Structure formats: C-alpha cells, structure tokens
2 protein chains.
Amino acid sequence: MKKSLNESGVKEIARRANVSIATVDRVIHNRTGVSLKTRNKISKIIEELNYQPNLLASRLASRKVFTLGILIPGVSAETVFWEAPLKGIQRAATEIKQYGFMTEIYFFDLNDKDSFKKQATLMLDKQPNGVLLSPSFLEESIEVASICKQLAIPYVFIDSNIPGQENLCYIGPHLFKSGYVGAKLLTYAISNQSKVLVVNISKEIDNYNYLQIEEGFRAYFSDHSHTHTIVRVDIRQTDYPSIASSLTQVLNTHADIEAIFVTNSRVFSVANFLESRKETNITLIGYDFLEDNIEQLKKGTIQFLICHKPEEQGYRGVMALYQRLLGASPVEKEYYMPIDIIMKENYEFYRN
Amino acid sequence: MKKSLNESGVKEIARRANVSIATVDRVIHNRTGVSLKTRNKISKIIEELNYQPNLLASRLASRKVFTLGILIPGVSAETVFWEAPLKGIQRAATEIKQYGFMTEIYFFDLNDKDSFKKQATLMLDKQPNGVLLSPSFLEESIEVASICKQLAIPYVFIDSNIPGQENLCYIGPHLFKSGYVGAKLLTYAISNQSKVLVVNISKEIDNYNYLQIEEGFRAYFSDHSHTHTIVRVDIRQTDYPSIASSLTQVLNTHADIEAIFVTNSRVFSVANFLESRKETNITLIGYDFLEDNIEQLKKGTIQFLICHKPEEQGYRGVMALYQRLLGASPVEKEYYMPIDIIMKENYEFYRN
DNA sequence: CCTACTTTCGGGTACGTACCCGAATAAGTT
DNA sequence: AACTTATTCGGGTACGTACCCGAAAGTAGG
C-alpha cells in the first residue's frame, strides 16, 4: 500500500512555475526576495492547484516553537469550578506539544484584582504567540486585550465574554439564555403563583456573569406572563455558616418559597442547608458538574444542574489558538457552548 | 525560538545502545532481524526514556496508507437521522486524510437485509485496516465481526451495540437509560394517574433498539411506584397517512392520553398529526435533533427531544480506529454518549 | 566599462522516522 | 578448511516543508 503520488506540493508547484522550491516557499510565506512577476505566476499556480500544505511536514521541518500563555483563576475550595477548564487546557496542551506548542499557565486569585494584573504582566512579558484568558476583571482584561492587540498576539476569551473587543474568539456560555433555561426548568416543578428565590453566592466579583444569568431568568417569567414572585438574596461570604444564616433569614421571612435558583456552582451549599433543615419540598436548581453538586443531585436535593461543558471550553480555547497559529482553518468568532441539563437520571453519561 | 533539543528519539536511543537507528527501528516495530540480546538492551532504554515516537515524522516517513471501511445506513427521507453520523464521519475523514488515512463509506438500506450483506462483502473484499459499522442487523453484523476478527481487523460499533463481541469499542447511547430519562421528563408534564402513550414507528427493523428504550421507559415508572397507565402502539408503515390513521384510532379509544413518547426520530410525524388535530394539551417527547423535529419544538408541539450526539458518534468512531491504528493511545471499550435534553429554550446552542 | 551594492533566486541540508539494500558475522554442511 | 546459508546489523535515502547560504543577475554611480 503506497501513498498516492503527491500531485500537489511545493515540488510540483516549483516544477510548473520553472522555479526552485525555495522560491515557492518564499511566496507561500510571503517573504521578501521574489520579483512581482514570479510571485504572481506562483500564486496563480498555487490557486489552481488548491494547494494545501502538508501540516506534518511543515511542523516537522519548522524549528519554530509556539508559546501559548494561559491566564485563568487558580483552583481552590471556593473555585472548584476551574478544575474543569484546567483539565481541558492540559489535555489540549499535551495533544499539541508534539507539534511544537508550549503552554504556560498563569493562575490568579479570583478575589484579588492585583494578582490578575501581576500574572497578566508576567505572561505578557514572555511575549507568547497566543493568549487564552478568563476575563474575570473587566477593566484589567480590556487592558490585557489592548496590549495583545498592539503586539499582534491573538487572544481568546473563555467562560465569560467582553463584547466589542477584537478577540480571536469567545468560547463559553450564552449566560442570558442559560438563565432563561433555568427558569423554564423551574416552572416544571412549581405551581402557579408561587414564590421563587434567586440566590447569588459570590464575593462581589464576577457578578457581571451573575447579572446576565438573572436577567435571562427574569426574562423567562416576563415572557410568559408570570404570576410568580421572585425574591432574591446576595450572599457575599462563601463559607457555609454565612450561607446558612442568610438562607435561614430568607426562609423565615418567606416561608412559602417553592423553588431556589442558584446562579453559580455553589448550589451544593444551599443543598446542604436544605438537607440539614429537612426541607424536601423545595425545588433546587443550580450550575455545574461538580462532585459536591452531583452528590446532592443523586440524593434528590438538587433537581437540575445546568452546565456549559467547562472542560471543553478549556480544550477548545487552546485549540482555537492552535488553529489560528497554524493557519489550518479559520476560527469561529463566537463559539457558544450548549446549555446542558443534568438530572439524576442522566448525570452518569455527562461529559464535562 | 528553537525547539528544545530532542533528548529522546530514535537517534538518542541508538546512541545509548551503541547500535544503528535501523536496529532501534526494528525493535520499535518488532520486526525480525535483531538478536535477543540487543533487542532487550534497546527495549530497556526505550522504557527508561519513556520514548514517544514523533507521530509527525512517523506518518510522514511511512508510505503506508490506512484504509477504513465504513458501513452505515444510507440517508433517505425515512432515515434522515443518519445524516448526522455521516457528517461526523466525513469530518473525521478529512481531518485524518493528511495522515495517510483513506475512508470508504458503504451505504446499505435499512429496510433490506440483503443490501447490508452485499455492502459488507464489498467492504471486506477490500481488506480495510479498520472497520466502522452500525450493527443494524444482528446476525449479519455478528458475521461481519467474526470475519474481521479472523482477518485481525479492528472494528467499531456505533449507534447500537452487540454485547459480547470482541469489538474495539462501542460508541453510542445507553438506550435503557435513555428511555428512563424520557419517562422522567414526561412526569414533569403530566398529572398523577394519567395515561401515556408509547409510539414506535419503524418498519420492523431496528426494534432491537426500540425494545431497550421502552424497557427503560417502563422501568422508570415501576421504580417510582407508578400510578400511570401505559398504552403502546406499533406503527409499521412510516408514511404519514399510516401514522395518522393509527394515531387517530388510538386517540379515539383513549381520549384521556396526556402524553406521548415516541421511541425514535420520527416524532415530527406525530407532532404534525397533533397539530392538525389541534391537540395542544398532549405532551410530546421524542428523539433526535432533526430539522423537522426542531421545527415542532419551536412551535411548542414537541416539549422535549432526547439526543445522543449522532454526529459525534460518527466522528469518534472513525477517530477510535485512527487512534488504534496509530497506536497513539488506548481506546475506551465502551464510550456511552451523553443523554442530552433539548427544549425550545436551549436548542439553538446544541451541537449534534 | 568597471566597481559596489541590491535584488532575485537555486542548491542543499535539516526535521525524526521508515525502510531498502547490502555488508559483516555467525551457524551449519560437506 | 572451504563453502553455503541464515542471522544480525549499519549506511543511506526518502517523506514534504523550512530556511540558510551563497551565486547570479540587475541597478547605480563614477
């Protein structure tokens, strides 16, 4: 079994144009040193042959190493979520390593703007060939973006987006629609004219995300001539005692709450709370495929989890840069992740 | 930016073992012509260095061409479903083409056992290096499997499985659980003690699949001390008039049906029927992300679609063979697809 | 017309692996 | 011991592209 003779390829182009391989190569990489006349002739032949460079040979021959800078939140007890994107990033990293891609990951603290700035500087100082970041802090992220733009470094946002930037692409959820779906799921479990509670647990940060989700959530009710009452509570401390005390207060004031929608992955805390209070009649919906959440899903304390494939976000983010730098195929500007619905009955087959 | 000097690689191994590159190569591909002593020495060094061959160089240098034989149902008005796996297969095919993989697709008629046999023979006569098939016909598929086994050709099942075969892997849904999920979704929309209808529309074939789904569906109700009545109907003709007449009859006999569960992708026909009858109070659930189904989902005639990522099934099926033949990484024996839930509110982000 | 410099181009080697061919050595035979 | 045959091994080229280096051709200034 032999490979079919390669009819296209630099060699063939060179033959047809009566020039050397080196000259063809110059045209392909539009380097200098080719007269306009030959350049045109060669370009035309390339066009005709619909030449596709052999990526294998190309990467093998090239001594160039591409460096990718990744800027994401570090994983802590409070940010378990970021385990998944990290895993995806690492998977992509090993995959493209043999193609000469080096990946450097910089972790920042989600509770500390300065750490973001610091890590960003560290990253950019290395002048990477591509950047992937989670734009958790609006202003600071825009600054990173503008520096990248200046240095002609393509950059990709994951998990949350900043519209209007010239990023290579965004890979993450459509938060508004996601909240919308959450509301829809809620309505399956509650009666008319009932009271629902929206819970946001986070340390003031990243409530940019939160706002869009809640907006979508509320939009569903207003789109469907709602007869429900929406109560909301913000919990700024992420430790369990704080959460418990806040929730106790709310549930005491509103004894008739039928359902709770938690806007991020900390649903399990709320679930723990409900469990301890032996509240079995409250429907609970939240976000993300975390171990703690799945545990409560299995027990039935949580009814639905919404998930946006965080691991795939990380993976695709890296691969988008890879594609771009190799120029293999164009990159979609906005890659919205599916809004996946996870229940007790289908969680075991879910791929994060 | 230069690539870091390659510390591992055949050259380094050869240097350390005091042999030539050719000899190292012989050991790596366990070819003959190496004395046991040198073979062991080299093996040990390979172990120590944790040598990973450079796939790029390997594929480039190899003149070998791998052929993959694909055996799946052809796409027709009745089997639109198979568009998706086909698309995935083609995507994978173009991706691995530059690595020297040729893909040949053989289509058979889902209503014609003989066409399956015929296409299978055509495929196997070419002695492909790997086989991907949808084992739609039990006996005939087992025969294909045994021939492959004999010829030492790895083979992969997609969409439905035949347990106990020595296939490289299975890629597809867990049908029982899928039916289970369907039942769960139904219960969100119906009242207690109501009557539900299970509809199976297919020409006698592939009811192997159907049985598992219905089993799961029923299991949910019995697991949850059901108070529901389940009516079922088999429709052996897939044209609309036949479906309409069957359904008319059923709905006339059972006027109090609250929900319908269709066991495959032909839900849209049922939806059309309900629409024409102006039945807006019946909950409808079915399978697959087809254009016709989405249309009815948007209109609200269908409440839920369950989907198992058919396109990804095709893609992954091919890639499993690719991985195996290149020996890059081991292949999971059973790759169950997620059981995805699609509603009006999240369909636009779904990736098939 | 000669020298100095710029532009345009081709030869050739390298990337890491696959594999052919023939040489050297070992084993067996008369 | 001489010769045949089998076994073991190394040299070297090829895969398709990248890129270095130096040669040839063209341009300008005197």
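In what follows, chains carry the letters A, B, and so on, assigned in the order in which the sequence lines appear, proteins first and then strands, with residues in each chain numbered from 1. Every heavy atom of this structure was used, including side-chain atoms; hydrogens, water molecules and symmetry mates were not. Given the structure is predicted, the values throughout are model-derived calculations rather than measurements.
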Problem - Gap between atoms CZ and C1', on A:Arg59 and D:dC19 respectively (whole Å) - result: 14 Å

Would you mind writing out the side-chain donor-acceptor pairs for residues 307-319 of chain B within the sub-3.5 Å range, not counting sequence neighbours?
| residue | atom | partner | partner atom | Å |
| --- | --- | --- | --- | --- |
| B:His308 | NE2 | B:Ser178 | OG | 2.8 |
| B:Lys309 | NZ | B:Asp340 | OD2 | 3.2 |
| B:Lys309 | NZ | B:Arg351 | O | 3.2 |
| B:Glu311 | OE2 | B:Arg91 | NE | 3.3 |
| B:Glu312 | OE2 | B:Arg316 | NE | 2.6 |
| B:Glu312 | OE2 | B:Arg316 | NH2 | 3.1 |
| B:Gln313 | OE1 | B:Asp159 | N | 3.2 |
| B:Gln313 | NE2 | B:His308 | O | 2.9 |
| B:Tyr315 | OH | B:Glu95 | OE1 | 3.4 |
| B:Tyr315 | OH | B:Glu95 | OE2 | 2.7 |
| B:Arg316 | NE | B:Tyr335 | OH | 3.2 |
| B:Arg316 | NH2 | B:Tyr335 | OH | 3.4 |

Completion exercise
Considering only heavy side-chain atoms of B:Ser35, the closest of D:dG10, D:dT8, D:dG16 is D:dT8

Problem - Contact nearer the 5' end of DNA chain C, comparing B:Val10 with A:Ser20 - result: A:Ser20

Exercise for the section: Establish, yes or no, whether a centroid distance under 6.0 Å links the rings of B:Phe157 and B:Tyr170. Expected result: no

Handout entry: Under the 3.5 Å Watson-Crick or G-U criterion, the dot-bracket string of DNA chain C, with | for inter-strand pairs
Key = ||||||||||||||||||||||||||||||

Handout entry: Atom-pair distance (NZ on A:Lys64; P on C:dC15), nearest Å
Key = 17 Å

Exercise for the section: Could you tell me whether the side chain of A:Gln127 reaches within less than 4.5 Å of the side chain of A:Leu151, counting heavy atoms only? Expected result: yes

Exercise for the section: Could you state the atom-to-atom distance from CG of B:Asn18 to P of D:dT8 in whole Å? Expected result: 19 Å

Completion exercise
Looking only at C:dA18, D:dA18, D:dC15, the nucleotide nearest the A:Asp25 side chain is D:dA18

Practice task
Look at all strands and tell whether B:Thr32 reaches a base, only sugar-phosphate, or nothing, counting heavy atoms closer than 4.0 Å.
Solution key: nothing

Handout entry: Whole-Å gap separating C1' (D:dT17) and OH (A:Tyr51)
Key = 7 Å

Practice task
Measure from CG on B:Asn54 to P on D:dG16 and round the result to the nearest Å.
Solution key: 16 Å

Problem - Interatomic distance where NZ belongs to A:Lys37 and P belongs to D:dA25 [whole Å] - result: 15 Å

Handout entry: From B:Ser8 atom OG to B:Asn50 atom CG, the distance as rounded to the nearest 0.5 Å
Key = 8.0 Å

Practice task
Could you tell me whether the side chains of B:Lys333 and B:Asn167 share a donor-acceptor contact shorter than 3.5 Å?
Solution key: yes

Problem - D:dA18 OP1/OP2 closer than 4.0 Å to side-chain N/O of A:Ser58 - result: yes

Practice task
Keeping the roles fixed (side chain from B:Thr121, backbone from B:Lys117), state whether a donor-acceptor pair exists under 3.5 Å.
Solution key: yes

Exercise for the section: Enter the distance from B:Leu132:CG to B:Ile70:CD1 here, rounded to the nearest 0.5 Å. Expected result: 4.5 Å

Exercise for the section: Could you say whether A:Ile21 or B:Thr23 is positioned toward the 5' end of DNA chain D, judged by the nucleotide with the nearest heavy atom to each? Expected result: B:Thr23

Handout entry: Between A:Lys87 and A:Asn352, a side-chain donor and acceptor under 3.5 Å
Key = no

Practice task
For a side-chain contact (heavy atoms from CB on, under 4.5 Å) with A:Phe101, tell me which candidate from A:Thr94, A:Ile96, A:Thr67 qualifies.
Solution key: A:Ile96

Practice task
May I ask you to verify if any side-chain N or O of B:Thr38 is less than 4.0 angstrom from the OP1 or OP2 atom of D:dC9?
Solution key: yes

Problem - Gap between atoms CG and P, on B:Asn30 and C:dC19 respectively (whole Å) - result: 13 Å

Exercise for the section: May I ask you to evaluate whether B:His29 reaches the phosphate of C:dC19, defined as a side-chain N or O under 4.0 Å from OP1 or OP2? Expected result: no

Where do N or O atoms of nucleotides 20-22 of chain C meet protein N or O atoms at under 3.5 Å, pair by pair?
none

Completion exercise
Closest to the side chain of B:Ala61, out of D:dA18, C:dA18, D:dC9, is C:dA18

Practice task
Please work out which of the three classes, parallel, tilted or perpendicular, describes the rings of B:Phe289 and B:Tyr350, given edges at 30° and 60°.
Solution key: tilted

Exercise for the section: Find the distance B:Arg15:CZ to D:dG10:P and express it as a whole number of Å. Expected result: 15 Å

